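Read through the structure below, which is laid out as C-alpha coordinates, and then see the notes.
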Amino acid sequence: MRQDVAILTESLDLTFQTNDGPVQALKDVNLTINHGDFVSFIGPSGCGKTTFLRVAAGLELPTGGRVTVNGMTPDQARKNRAYGYVFQAAGLYPWRTISGNIKLPLEIMRYPQKEQNERLQKVLKLVELEGFEKKFPWQLSGGMQQRASIARALAFDAEILLMDEPFGALDEIVRDHLNEQLLALWHQTGKTIAFVTHSIPEAAYLSTKVVVMSPRPGRISEIIDSTLPADRNLDIRDTSEFLSMTHRIREGLRAGHAYE
Amino acid sequence: MRNLLPIFTVVGLIVAVWYAAVAPMNIRSALDQLERSDHAVVPAGALERREVSVWYLLVNNPNQIAVTYDLERSRLPTPTQIGYELWKSTGEMLLRGKAMSKRSLLYHGWVTLQSTLWGFFLGTTVGVMGAIFIVYSRIVELSLMPWAIISQTIPIVALAPMIIVLSSQIGIESRGLPKAMISAYLCFFPVLVGLTKGLRSPALSQMDLLKTYNASSVQVFFKLRLPASVPFLFTSLKVGIAAALVGTIVGELPTGAISGLGARILIGDQFGNPLAIWAALFAAAIIAGILVTFLDLLQRFTLHQMGMRV
(Lines give C-alpha, C1' and ligand atoms only; values in the text may rest on other atoms or scores of the structure.)
Protein backbone atom coordinates (compact mmCIF):
# COMPACT_ATOMS: atom_id res chain seq x y z
CA MET A 1 0.00 0.00 0.00
CA ARG A 2 1.42 3.33 -1.01
CA GLN A 3 1.13 6.26 1.34
CA ASP A 4 0.75 9.74 -0.06
CA VAL A 5 3.29 11.30 2.26
CA ALA A 6 6.95 10.58 1.55
CA ILE A 7 8.71 12.78 4.11
CA LEU A 8 6.95 14.42 7.04
CA THR A 9 8.48 16.55 9.77
CA GLU A 10 6.79 18.11 12.78
CA SER A 11 8.54 20.80 14.83
CA LEU A 12 11.89 19.26 13.96
CA ASP A 13 14.86 20.59 15.93
CA LEU A 14 18.53 19.79 15.66
CA THR A 15 21.23 21.32 17.81
CA PHE A 16 24.90 20.45 17.28
CA GLN A 17 27.20 20.57 20.30
CA THR A 18 30.38 22.23 19.11
CA ASN A 19 33.47 23.53 20.88
CA ASP A 20 32.07 27.05 20.54
CA GLY A 21 28.85 26.01 22.26
CA PRO A 22 25.59 24.67 20.88
CA VAL A 23 24.65 25.56 17.30
CA GLN A 24 21.01 25.28 16.32
CA ALA A 25 21.09 23.87 12.80
CA LEU A 26 17.34 23.31 12.46
CA LYS A 27 14.56 24.96 14.39
CA ASP A 28 10.88 24.08 14.29
CA VAL A 29 10.85 22.65 10.78
CA ASN A 30 7.37 21.56 9.67
CA LEU A 31 7.23 20.13 6.18
CA THR A 32 5.25 17.60 4.18
CA ILE A 33 6.71 16.15 1.00
CA ASN A 34 4.23 14.07 -0.98
CA HIS A 35 5.10 11.20 -3.26
CA GLY A 36 5.93 12.44 -6.72
CA ASP A 37 6.89 15.92 -5.51
CA PHE A 38 10.01 17.67 -6.68
CA VAL A 39 10.97 19.82 -3.72
CA SER A 40 13.91 22.21 -3.79
CA PHE A 41 15.57 23.59 -0.69
CA ILE A 42 17.15 26.97 -1.21
CA GLY A 43 18.91 29.34 1.15
CA PRO A 44 22.33 30.68 2.05
CA SER A 45 25.11 28.56 3.54
CA GLY A 46 24.38 27.49 7.08
CA CYS A 47 20.59 27.55 6.72
CA GLY A 48 20.35 23.83 7.43
CA LYS A 49 19.21 22.59 4.01
CA THR A 50 21.90 19.89 3.83
CA THR A 51 21.31 19.04 7.47
CA PHE A 52 17.62 18.55 6.72
CA LEU A 53 18.50 16.10 3.97
CA ARG A 54 20.89 14.26 6.28
CA VAL A 55 18.21 14.00 8.97
CA ALA A 56 15.77 12.56 6.42
CA ALA A 57 18.50 10.08 5.40
CA GLY A 58 19.13 8.99 8.98
CA LEU A 59 22.70 10.31 8.86
CA GLU A 60 21.96 12.84 11.64
CA LEU A 61 19.66 12.38 14.62
CA PRO A 62 17.23 15.21 15.39
CA THR A 63 17.29 16.55 18.95
CA GLY A 64 13.58 17.30 18.96
CA GLY A 65 10.35 16.86 17.03
CA ARG A 66 9.31 14.09 14.69
CA VAL A 67 10.37 12.97 11.26
CA THR A 68 9.05 10.08 9.19
CA VAL A 69 10.11 8.77 5.80
CA ASN A 70 7.49 6.59 4.10
CA GLY A 71 5.83 6.37 7.51
CA MET A 72 8.99 4.98 9.14
CA THR A 73 11.78 6.52 11.17
CA PRO A 74 14.67 7.69 8.95
CA ASP A 75 16.82 4.88 10.34
CA GLN A 76 14.25 2.23 9.43
CA ALA A 77 13.85 3.85 6.04
CA ARG A 78 17.62 3.74 5.58
CA LYS A 79 17.67 0.04 6.47
CA ASN A 80 14.78 -0.54 4.06
CA ARG A 81 16.80 1.31 1.40
CA ALA A 82 13.90 3.69 0.85
CA TYR A 83 16.00 6.45 -0.68
CA GLY A 84 19.00 7.09 -2.87
CA TYR A 85 21.38 9.85 -1.84
CA VAL A 86 23.39 11.93 -4.32
CA PHE A 87 26.24 13.84 -2.74
CA GLN A 88 27.75 17.16 -3.77
CA ALA A 89 30.85 15.42 -5.10
CA ALA A 90 30.18 12.52 -7.43
CA GLY A 91 32.29 10.35 -5.12
CA LEU A 92 32.81 7.55 -7.63
CA TYR A 93 35.38 4.93 -6.66
CA PRO A 94 38.46 5.53 -8.82
CA TRP A 95 39.25 1.80 -8.82
CA ARG A 96 35.87 0.82 -10.27
CA THR A 97 34.63 1.35 -13.79
CA ILE A 98 31.39 3.27 -14.35
CA SER A 99 29.46 0.00 -14.40
CA GLY A 100 31.31 -1.17 -11.27
CA ASN A 101 30.37 2.05 -9.52
CA ILE A 102 26.72 1.82 -10.49
CA LYS A 103 26.62 -1.81 -9.38
CA LEU A 104 28.12 -0.98 -5.98
CA PRO A 105 24.77 -0.58 -4.15
CA LEU A 106 23.44 -3.64 -5.96
CA GLU A 107 26.42 -5.73 -4.81
CA ILE A 108 25.97 -4.52 -1.26
CA MET A 109 22.27 -5.31 -1.37
CA ARG A 110 23.14 -8.72 -2.85
CA TYR A 111 21.13 -8.53 -6.05
CA PRO A 112 21.71 -11.56 -8.32
CA GLN A 113 24.30 -10.99 -11.04
CA LYS A 114 21.76 -11.13 -13.84
CA GLU A 115 19.49 -8.54 -12.27
CA GLN A 116 22.52 -6.31 -11.57
CA ASN A 117 23.28 -6.22 -15.28
CA GLU A 118 19.67 -5.56 -16.26
CA ARG A 119 19.42 -2.68 -13.81
CA LEU A 120 22.77 -1.34 -14.95
CA GLN A 121 21.59 -1.17 -18.55
CA LYS A 122 18.33 0.46 -17.51
CA VAL A 123 19.89 3.29 -15.50
CA LEU A 124 22.73 3.84 -17.98
CA LYS A 125 19.99 4.57 -20.50
CA LEU A 126 18.18 6.90 -18.09
CA VAL A 127 21.27 9.07 -17.58
CA GLU A 128 22.43 8.67 -21.20
CA LEU A 129 25.75 7.05 -20.36
CA GLU A 130 25.42 3.99 -22.61
CA GLY A 131 28.77 2.97 -24.01
CA PHE A 132 30.73 4.45 -21.11
CA GLU A 133 30.28 1.56 -18.69
CA LYS A 134 33.84 0.26 -19.15
CA LYS A 135 35.45 3.68 -18.59
CA PHE A 136 37.04 4.66 -15.32
CA PRO A 137 35.78 7.84 -13.60
CA TRP A 138 38.89 9.89 -14.43
CA GLN A 139 38.22 9.29 -18.11
CA LEU A 140 34.86 11.13 -17.84
CA SER A 141 33.99 14.83 -17.53
CA GLY A 142 32.63 16.23 -14.27
CA GLY A 143 29.08 16.32 -15.63
CA MET A 144 29.27 12.70 -16.77
CA GLN A 145 30.66 11.65 -13.39
CA GLN A 146 27.74 13.33 -11.66
CA ARG A 147 25.33 11.57 -14.03
CA ALA A 148 26.97 8.27 -13.12
CA SER A 149 26.51 9.05 -9.45
CA ILE A 150 22.81 9.76 -10.10
CA ALA A 151 22.57 6.43 -11.95
CA ARG A 152 24.14 4.77 -8.91
CA ALA A 153 21.40 6.25 -6.70
CA LEU A 154 18.69 5.18 -9.15
CA ALA A 155 19.96 1.62 -9.58
CA PHE A 156 18.14 0.09 -6.65
CA ASP A 157 14.69 1.53 -7.22
CA ALA A 158 14.44 3.71 -4.16
CA GLU A 159 11.19 5.68 -4.07
CA ILE A 160 12.88 8.82 -2.87
CA LEU A 161 15.91 10.65 -4.25
CA LEU A 162 17.77 12.97 -1.89
CA MET A 163 20.12 15.24 -3.84
CA ASP A 164 22.56 17.53 -2.05
CA GLU A 165 23.69 20.22 -4.52
CA PRO A 166 24.57 17.62 -7.11
CA PHE A 167 25.33 20.18 -9.83
CA GLY A 168 26.92 22.81 -7.59
CA ALA A 169 30.44 22.29 -8.91
CA LEU A 170 29.51 22.24 -12.61
CA ASP A 171 29.53 25.08 -15.09
CA GLU A 172 26.26 26.65 -16.16
CA ILE A 173 26.07 25.07 -19.61
CA VAL A 174 26.50 21.53 -18.26
CA ARG A 175 24.19 22.39 -15.42
CA ASP A 176 21.36 23.47 -17.74
CA HIS A 177 21.68 20.25 -19.65
CA LEU A 178 21.66 18.12 -16.51
CA ASN A 179 18.65 20.03 -15.14
CA GLU A 180 16.76 19.20 -18.30
CA GLN A 181 17.79 15.55 -18.04
CA LEU A 182 16.84 15.40 -14.38
CA LEU A 183 13.34 16.70 -15.11
CA ALA A 184 12.90 14.15 -17.90
CA LEU A 185 14.12 11.43 -15.56
CA TRP A 186 11.68 12.58 -12.87
CA HIS A 187 8.80 12.43 -15.37
CA GLN A 188 9.81 8.95 -16.49
CA THR A 189 10.28 7.46 -13.03
CA GLY A 190 7.74 9.38 -10.94
CA LYS A 191 10.18 9.50 -8.04
CA THR A 192 10.02 11.86 -5.11
CA ILE A 193 12.98 14.24 -5.23
CA ALA A 194 14.33 16.47 -2.49
CA PHE A 195 16.92 18.75 -4.05
CA VAL A 196 19.27 21.16 -2.28
CA THR A 197 20.54 24.10 -4.32
CA HIS A 198 22.08 27.57 -4.12
CA SER A 199 20.65 28.66 -7.44
CA ILE A 200 17.34 30.50 -7.70
CA PRO A 201 16.74 29.71 -11.42
CA GLU A 202 17.60 26.05 -10.82
CA ALA A 203 15.08 25.83 -7.96
CA ALA A 204 12.41 27.61 -10.00
CA TYR A 205 12.99 25.52 -13.09
CA LEU A 206 13.00 22.09 -11.43
CA SER A 207 10.55 22.17 -8.56
CA THR A 208 6.90 21.68 -7.86
CA LYS A 209 7.58 23.17 -4.45
CA VAL A 210 10.38 25.47 -3.29
CA VAL A 211 11.31 25.53 0.39
CA VAL A 212 13.07 28.81 1.24
CA MET A 213 15.27 28.56 4.32
CA SER A 214 17.13 31.12 6.39
CA PRO A 215 20.10 30.76 8.72
CA ARG A 216 20.92 31.09 12.44
CA PRO A 217 18.90 29.16 13.44
CA GLY A 218 18.18 27.17 10.29
CA ARG A 219 14.43 27.36 9.66
CA ILE A 220 11.86 27.45 6.89
CA SER A 221 10.94 31.01 6.04
CA GLU A 222 8.57 30.24 3.19
CA ILE A 223 7.17 27.37 1.15
CA ILE A 224 6.31 28.34 -2.42
CA ASP A 225 4.18 26.08 -4.62
CA SER A 226 5.22 26.36 -8.23
CA THR A 227 2.75 27.90 -10.64
CA LEU A 228 4.66 26.58 -13.62
CA PRO A 229 3.17 23.75 -15.72
CA ALA A 230 4.47 20.27 -14.89
CA ASP A 231 5.70 19.75 -18.43
CA ARG A 232 8.44 22.30 -19.03
CA ASN A 233 11.63 22.81 -20.93
CA LEU A 234 14.49 25.28 -20.64
CA ASP A 235 12.63 27.85 -22.80
CA ILE A 236 10.24 28.40 -19.94
CA ARG A 237 12.93 30.50 -18.30
CA ASP A 238 12.14 33.35 -20.67
CA THR A 239 8.44 33.48 -19.75
CA SER A 240 6.89 35.94 -17.33
CA GLU A 241 5.59 33.11 -15.09
CA PHE A 242 9.15 31.93 -14.60
CA LEU A 243 10.33 35.45 -13.79
CA SER A 244 7.57 35.93 -11.27
CA MET A 245 8.50 32.58 -9.73
CA THR A 246 12.17 33.57 -9.33
CA HIS A 247 11.00 36.92 -8.00
CA ARG A 248 8.91 35.20 -5.32
CA ILE A 249 11.84 33.01 -4.30
CA ARG A 250 14.11 36.06 -4.08
CA GLU A 251 11.51 37.90 -2.00
CA GLY A 252 11.26 34.84 0.25
CA LEU A 253 15.01 34.84 0.77
CA ARG A 254 14.95 38.56 1.55
CA ALA A 255 12.07 38.15 3.99
CA GLY A 256 14.11 35.48 5.79
CA HIS A 257 16.98 37.97 6.13
CA ALA A 258 19.05 35.61 4.05
CA TYR A 259 20.98 38.45 2.46
CA GLU A 260 22.28 39.88 5.71
CA MET B 1 64.23 6.73 -21.31
CA ARG B 2 64.30 10.47 -20.62
CA ASN B 3 64.82 9.48 -16.97
CA LEU B 4 68.19 7.96 -17.76
CA LEU B 5 70.08 11.19 -18.42
CA PRO B 6 69.49 12.73 -14.95
CA ILE B 7 70.18 9.38 -13.30
CA PHE B 8 73.47 8.88 -15.12
CA THR B 9 74.45 12.49 -14.46
CA VAL B 10 74.14 11.91 -10.71
CA VAL B 11 75.92 8.56 -10.89
CA GLY B 12 78.69 10.18 -12.92
CA LEU B 13 79.05 12.97 -10.37
CA ILE B 14 79.28 10.51 -7.47
CA VAL B 15 81.89 8.41 -9.26
CA ALA B 16 83.91 11.55 -10.13
CA VAL B 17 83.87 12.79 -6.52
CA TRP B 18 84.78 9.28 -5.38
CA TYR B 19 87.81 9.00 -7.65
CA ALA B 20 88.91 12.49 -6.66
CA ALA B 21 88.71 11.50 -2.98
CA VAL B 22 90.75 8.31 -3.37
CA ALA B 23 94.12 10.09 -3.68
CA PRO B 24 93.94 12.23 -0.48
CA MET B 25 92.37 9.34 1.46
CA ASN B 26 95.09 6.83 0.53
CA ILE B 27 98.20 8.99 0.10
CA ARG B 28 99.53 8.40 3.64
CA SER B 29 99.33 4.63 3.56
CA ALA B 30 100.63 4.63 -0.02
CA LEU B 31 103.70 6.66 0.97
CA ASP B 32 104.25 4.43 4.04
CA GLN B 33 104.31 1.36 1.80
CA LEU B 34 106.55 3.01 -0.79
CA GLU B 35 109.04 4.11 1.85
CA ARG B 36 109.21 0.59 3.24
CA SER B 37 110.11 -0.73 -0.22
CA ASP B 38 112.92 1.86 -0.48
CA HIS B 39 111.27 4.47 -2.64
CA ALA B 40 112.08 8.13 -2.12
CA VAL B 41 109.12 10.04 -0.66
CA VAL B 42 108.78 13.61 0.63
CA PRO B 43 109.08 14.11 3.51
CA ALA B 44 110.84 10.97 4.61
CA GLY B 45 109.66 9.29 7.81
CA ALA B 46 106.11 8.37 8.88
CA LEU B 47 106.22 10.68 11.90
CA GLU B 48 107.27 13.65 9.81
CA ARG B 49 104.48 12.95 7.34
CA ARG B 50 101.92 12.95 10.13
CA GLU B 51 102.82 16.59 10.79
CA VAL B 52 101.78 17.76 7.31
CA SER B 53 98.45 17.80 5.50
CA VAL B 54 97.44 15.31 2.82
CA TRP B 55 97.40 18.17 0.30
CA TYR B 56 101.05 18.88 1.01
CA LEU B 57 101.85 15.20 0.50
CA LEU B 58 99.94 15.13 -2.81
CA VAL B 59 101.71 18.24 -4.12
CA ASN B 60 105.17 17.00 -3.16
CA ASN B 61 104.77 13.39 -4.37
CA PRO B 62 103.04 13.82 -7.75
CA ASN B 63 104.64 10.69 -9.17
CA GLN B 64 103.30 8.48 -6.39
CA ILE B 65 99.65 9.47 -6.72
CA ALA B 66 98.95 6.66 -9.19
CA VAL B 67 99.84 4.18 -6.45
CA THR B 68 96.92 5.38 -4.30
CA TYR B 69 94.54 3.96 -6.87
CA ASP B 70 96.03 0.50 -6.75
CA LEU B 71 96.61 -0.35 -3.09
CA GLU B 72 95.70 -3.80 -1.85
CA ARG B 73 94.23 -2.63 1.46
CA SER B 74 93.34 0.97 0.80
CA ARG B 75 91.37 3.15 3.18
CA LEU B 76 89.07 4.09 0.31
CA PRO B 77 89.03 1.56 -2.52
CA THR B 78 88.11 2.80 -5.99
CA PRO B 79 84.76 1.81 -7.52
CA THR B 80 86.73 -0.34 -9.96
CA GLN B 81 88.40 -2.23 -7.14
CA ILE B 82 85.04 -2.76 -5.45
CA GLY B 83 83.50 -3.88 -8.72
CA TYR B 84 86.28 -6.39 -9.21
CA GLU B 85 85.99 -7.63 -5.61
CA LEU B 86 82.23 -8.04 -6.11
CA TRP B 87 82.84 -9.99 -9.31
CA LYS B 88 85.48 -12.17 -7.66
CA SER B 89 83.15 -13.06 -4.77
CA THR B 90 80.01 -13.60 -6.87
CA GLY B 91 80.17 -14.22 -10.61
CA GLU B 92 83.60 -15.79 -10.66
CA MET B 93 82.75 -18.14 -7.79
CA LEU B 94 79.55 -19.04 -9.58
CA LEU B 95 81.53 -19.92 -12.71
CA ARG B 96 83.84 -22.09 -10.61
CA GLY B 97 80.79 -23.84 -9.15
CA LYS B 98 81.47 -22.43 -5.66
CA ALA B 99 78.45 -20.12 -5.43
CA MET B 100 77.57 -21.38 -1.96
CA SER B 101 81.10 -21.36 -0.58
CA LYS B 102 81.63 -19.44 2.67
CA ARG B 103 83.80 -16.96 0.77
CA SER B 104 81.07 -16.17 -1.73
CA LEU B 105 78.92 -13.08 -1.36
CA LEU B 106 76.18 -15.00 -3.14
CA TYR B 107 76.03 -17.30 -0.13
CA HIS B 108 76.08 -14.45 2.39
CA GLY B 109 73.62 -12.42 0.34
CA TRP B 110 71.27 -15.40 0.18
CA VAL B 111 71.44 -15.81 3.98
CA THR B 112 70.64 -12.11 4.43
CA LEU B 113 67.90 -12.17 1.81
CA GLN B 114 66.15 -15.11 3.47
CA SER B 115 66.09 -13.41 6.85
CA THR B 116 64.98 -10.15 5.22
CA LEU B 117 62.03 -11.84 3.54
CA TRP B 118 61.02 -13.61 6.73
CA GLY B 119 61.33 -10.37 8.67
CA PHE B 120 59.37 -8.54 5.98
CA PHE B 121 56.64 -11.16 6.08
CA LEU B 122 56.48 -11.08 9.88
CA GLY B 123 56.66 -7.27 10.08
CA THR B 124 54.04 -6.76 7.37
CA THR B 125 51.68 -9.19 9.08
CA VAL B 126 52.08 -7.39 12.41
CA GLY B 127 51.72 -3.99 10.70
CA VAL B 128 48.60 -4.98 8.76
CA MET B 129 46.91 -6.55 11.78
CA GLY B 130 47.83 -3.55 13.94
CA ALA B 131 46.48 -1.08 11.38
CA ILE B 132 43.16 -2.92 11.13
CA PHE B 133 42.78 -3.02 14.91
CA ILE B 134 43.72 0.65 15.20
CA VAL B 135 41.22 1.74 12.55
CA TYR B 136 38.39 -0.20 14.16
CA SER B 137 39.11 0.51 17.80
CA ARG B 138 39.83 3.84 19.42
CA ILE B 139 41.02 2.01 22.55
CA VAL B 140 43.56 -0.02 20.59
CA GLU B 141 44.77 3.15 18.90
CA LEU B 142 45.25 4.94 22.22
CA SER B 143 47.01 1.98 23.82
CA LEU B 144 49.07 0.67 20.89
CA MET B 145 50.15 3.73 18.91
CA PRO B 146 52.40 5.30 21.60
CA TRP B 147 54.25 2.00 22.00
CA ALA B 148 54.66 1.65 18.26
CA ILE B 149 56.24 5.10 18.16
CA ILE B 150 58.42 4.50 21.23
CA SER B 151 59.61 1.22 19.73
CA GLN B 152 61.12 3.13 16.82
CA THR B 153 63.04 5.54 19.06
CA ILE B 154 65.08 2.72 20.62
CA PRO B 155 68.34 2.25 18.70
CA ILE B 156 68.10 -1.12 17.02
CA VAL B 157 71.82 -1.80 17.58
CA ALA B 158 71.14 -1.77 21.34
CA LEU B 159 68.16 -4.05 21.04
CA ALA B 160 69.51 -6.57 18.54
CA PRO B 161 72.02 -8.35 20.86
CA MET B 162 69.36 -8.60 23.58
CA ILE B 163 66.88 -10.22 21.23
CA ILE B 164 69.55 -12.76 20.23
CA VAL B 165 70.59 -13.45 23.84
CA LEU B 166 67.02 -13.72 25.10
CA SER B 167 65.88 -15.98 22.28
CA SER B 168 68.80 -18.33 22.94
CA GLN B 169 67.68 -18.36 26.60
CA ILE B 170 64.32 -19.81 25.59
CA GLY B 171 66.03 -22.45 23.51
CA ILE B 172 66.12 -20.88 20.04
CA GLU B 173 69.65 -21.74 18.94
CA SER B 174 69.43 -20.85 15.27
CA ARG B 175 70.04 -17.23 14.35
CA GLY B 176 67.33 -17.16 11.68
CA LEU B 177 64.39 -16.41 13.93
CA PRO B 178 65.96 -13.68 16.10
CA LYS B 179 67.30 -12.03 12.94
CA ALA B 180 63.85 -12.09 11.37
CA MET B 181 62.43 -10.60 14.58
CA ILE B 182 64.94 -7.74 14.54
CA SER B 183 64.16 -7.17 10.90
CA ALA B 184 60.41 -7.26 11.54
CA TYR B 185 60.89 -4.80 14.40
CA LEU B 186 62.07 -2.17 11.91
CA CYS B 187 59.71 -3.18 9.15
CA PHE B 188 56.33 -3.22 10.88
CA PHE B 189 56.23 0.48 11.67
CA PRO B 190 56.01 2.01 8.17
CA VAL B 191 53.41 -0.62 7.25
CA LEU B 192 51.38 0.13 10.38
CA VAL B 193 51.44 3.90 9.88
CA GLY B 194 50.92 3.81 6.11
CA LEU B 195 48.10 1.30 6.16
CA THR B 196 46.34 3.08 9.04
CA LYS B 197 46.41 6.22 6.96
CA GLY B 198 45.24 4.32 3.88
CA LEU B 199 42.35 2.59 5.63
CA ARG B 200 41.27 5.99 6.93
CA SER B 201 41.66 7.74 3.58
CA PRO B 202 38.03 7.43 2.35
CA ALA B 203 36.20 10.76 2.67
CA LEU B 204 33.35 11.09 5.13
CA SER B 205 30.88 11.32 2.24
CA GLN B 206 32.16 7.97 0.95
CA MET B 207 31.44 6.41 4.33
CA ASP B 208 28.03 8.13 4.45
CA LEU B 209 27.19 6.78 1.01
CA LEU B 210 27.75 3.20 2.19
CA LYS B 211 25.72 3.97 5.28
CA THR B 212 22.78 4.98 3.07
CA TYR B 213 23.04 1.53 1.48
CA ASN B 214 22.97 0.03 4.97
CA ALA B 215 26.27 -1.73 4.21
CA SER B 216 27.78 -4.00 6.88
CA SER B 217 31.16 -3.12 8.33
CA VAL B 218 32.69 -6.11 6.53
CA GLN B 219 31.38 -4.69 3.25
CA VAL B 220 32.71 -1.24 4.13
CA PHE B 221 36.13 -2.80 4.74
CA PHE B 222 36.36 -4.85 1.58
CA LYS B 223 34.55 -2.53 -0.83
CA LEU B 224 35.88 0.82 0.35
CA ARG B 225 38.62 0.90 2.99
CA LEU B 226 40.84 -1.86 1.61
CA PRO B 227 40.88 -0.79 -2.06
CA ALA B 228 41.35 2.84 -1.00
CA SER B 229 44.38 1.86 1.07
CA VAL B 230 46.26 0.00 -1.68
CA PRO B 231 48.40 2.95 -2.93
CA PHE B 232 49.35 3.76 0.68
CA LEU B 233 50.13 0.12 1.40
CA PHE B 234 52.60 -0.22 -1.48
CA THR B 235 54.43 2.94 -0.51
CA SER B 236 54.79 1.56 3.01
CA LEU B 237 55.87 -1.86 1.78
CA LYS B 238 58.70 -0.29 -0.19
CA VAL B 239 59.93 1.56 2.87
CA GLY B 240 59.31 -1.55 4.97
CA ILE B 241 61.36 -3.96 2.89
CA ALA B 242 64.36 -1.62 2.87
CA ALA B 243 64.02 -1.31 6.65
CA ALA B 244 63.78 -5.11 6.93
CA LEU B 245 67.11 -5.46 5.08
CA VAL B 246 68.79 -2.94 7.39
CA GLY B 247 67.33 -4.80 10.38
CA THR B 248 68.70 -8.11 9.17
CA ILE B 249 72.19 -6.71 8.64
CA VAL B 250 72.15 -5.16 12.10
CA GLY B 251 70.99 -8.53 13.44
CA GLU B 252 74.03 -10.14 11.82
CA LEU B 253 76.52 -7.75 13.37
CA PRO B 254 76.55 -8.85 17.02
CA THR B 255 78.82 -11.54 18.38
CA GLY B 256 79.15 -14.86 16.78
CA ALA B 257 77.51 -14.43 13.41
CA ILE B 258 79.55 -16.00 10.66
CA SER B 259 77.19 -15.81 7.72
CA GLY B 260 75.23 -12.98 6.17
CA LEU B 261 76.29 -9.61 4.77
CA GLY B 262 76.34 -8.11 8.29
CA ALA B 263 78.88 -10.76 9.37
CA ARG B 264 81.00 -9.96 6.30
CA ILE B 265 81.00 -6.28 7.24
CA LEU B 266 82.05 -7.11 10.80
CA ILE B 267 84.78 -9.50 9.68
CA GLY B 268 86.06 -6.96 7.15
CA ASP B 269 86.26 -4.44 9.96
CA GLN B 270 88.02 -6.74 12.40
CA PHE B 271 90.60 -7.91 9.87
CA GLY B 272 91.25 -4.43 8.48
CA ASN B 273 89.88 -5.19 5.04
CA PRO B 274 87.87 -2.18 3.83
CA LEU B 275 87.42 -3.78 0.43
CA ALA B 276 85.36 -6.62 1.97
CA ILE B 277 83.20 -4.09 3.83
CA TRP B 278 82.58 -2.07 0.69
CA ALA B 279 81.76 -5.16 -1.34
CA ALA B 280 79.25 -6.32 1.29
CA LEU B 281 77.73 -2.82 1.40
CA PHE B 282 77.30 -2.81 -2.35
CA ALA B 283 75.81 -6.29 -2.27
CA ALA B 284 73.28 -5.07 0.33
CA ALA B 285 72.46 -2.02 -1.78
CA ILE B 286 71.96 -4.19 -4.85
CA ILE B 287 69.63 -6.53 -2.95
CA ALA B 288 67.66 -3.54 -1.60
CA GLY B 289 67.42 -2.10 -5.10
CA ILE B 290 66.11 -5.35 -6.52
CA LEU B 291 63.54 -5.77 -3.73
CA VAL B 292 62.24 -2.20 -3.97
CA THR B 293 62.12 -2.36 -7.77
CA PHE B 294 60.16 -5.59 -7.58
CA LEU B 295 57.61 -4.01 -5.23
CA ASP B 296 57.45 -0.93 -7.45
CA LEU B 297 56.63 -3.05 -10.50
CA LEU B 298 54.04 -4.95 -8.47
CA GLN B 299 52.54 -1.62 -7.41
CA ARG B 300 52.35 -0.34 -10.97
CA PHE B 301 50.79 -3.56 -12.15
CA THR B 302 48.24 -3.65 -9.32
CA LEU B 303 47.21 0.00 -9.63
CA HIS B 304 46.97 -0.37 -13.38
CA GLN B 305 44.71 -3.39 -12.91
CA MET B 306 42.61 -1.28 -10.53
CA GLY B 307 42.19 1.32 -13.25
CA MET B 308 44.10 4.03 -11.42
CA ARG B 309 46.44 6.37 -13.17
CA VAL B 310 49.98 5.61 -12.08
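Since the structure is predicted, the reported quantities are computational estimates derived from the model, not experimental observations. Proteins get letters first, then strands, A, B, ... in listed order; numbering begins at 1 in each.
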Check: So, for B:D208 and A:F87, which heavy atoms are closest and what is the spacing to 0.1 Å?
Finding: CB-CZ, 3.6 Å
Margin query: What's the separation between atom CD1 in A:I108 and atom CG in B:N214, rounded to the nearest 0.5 Å?
Written below: 9.5 Å
Item checked: Option in A:F136, A:Y85, A:F156 with maximal non-hydrogen atom pairs under 4.5 Å from chain B -> A:F136
Item checked: Heavy-atom pair count under 4.5 Å with chain B, highest-scoring of A:Q88, A:R96, A:R81, A:E107 -> A:R81
Next item on the list: Go through the atoms of B:A228 and report whether side chain, backbone, both or neither lie under 4.5 Å from a heavy atom of chain A.
Entry: both
Item checked: Atom OH of B:Y136 with >12 non-hydrogen neighbours under 6.0 angstrom -> yes
Next item on the list: Using non-hydrogen atoms and a 4.5 Å limit, figure out which bit of A:Y93 sits close to chain B: side chain, backbone, both or neither.
Entry: side chain
Check: Is the count of non-hydrogen atoms from other residues, nucleotides or ligands lying under 6.0 Å from B:F221 atom CZ greater than 12?
Finding: yes
Notebook entry, point to check: Which value, rounded to the nearest 0.5 Å, describes the distance between B:M306 atom CE and A:T97 atom OG1?
Noted result: 12.5 Å
Note to self: Rounded at 0.5 Å granularity, tell me how far CG in A:L104 sits from CD in B:Q219.
What the structure shows: 9.0 Å
Next item on the list: Count the heavy atoms of every other residue, nucleotide or ligand shown that sit under 6.0 Å from CZ of B:F133, and state whether that count exceeds 12.
Entry: no
Checklist line | Under 4.5 Å from any heavy atom of chain A - which part of B:L224 | finding: both
Checklist line | Over 12 foreign heavy atoms within 6.0 Å of CD1, B:I139 | finding: no
Next item on the list: Taking atom CE of A:M72 as the centre, report whether more than 12 heavy atoms of other residues, nucleotides or ligands fall under 6.0 Å from it.
Entry: yes
Check: Is B:W118 atom CH2 crowded by more than 12 heavy atoms from other residues, nucleotides or ligands, each under 6.0 Å away?
Finding: no
Notebook entry, point to check: Take atom NZ in B:K197; do more than 12 heavy atoms of anything else shown fall under 6.0 Å from it?
Noted result: no
Margin query: More than 12 heavy atoms of other residues, nucleotides or ligands under 6.0 Å from CZ of B:F121: yes or no?
Written below: no
Item checked: For A:L92 against B:Q206, the heavy-atom pair lying closest together -> O-NE2, 4.3 Å
Check: Quick one: which residues of residues 51-58 of chain A reach chain B at under 4.5 angstrom, heavy atoms only?
Finding: A:R54, A:G58
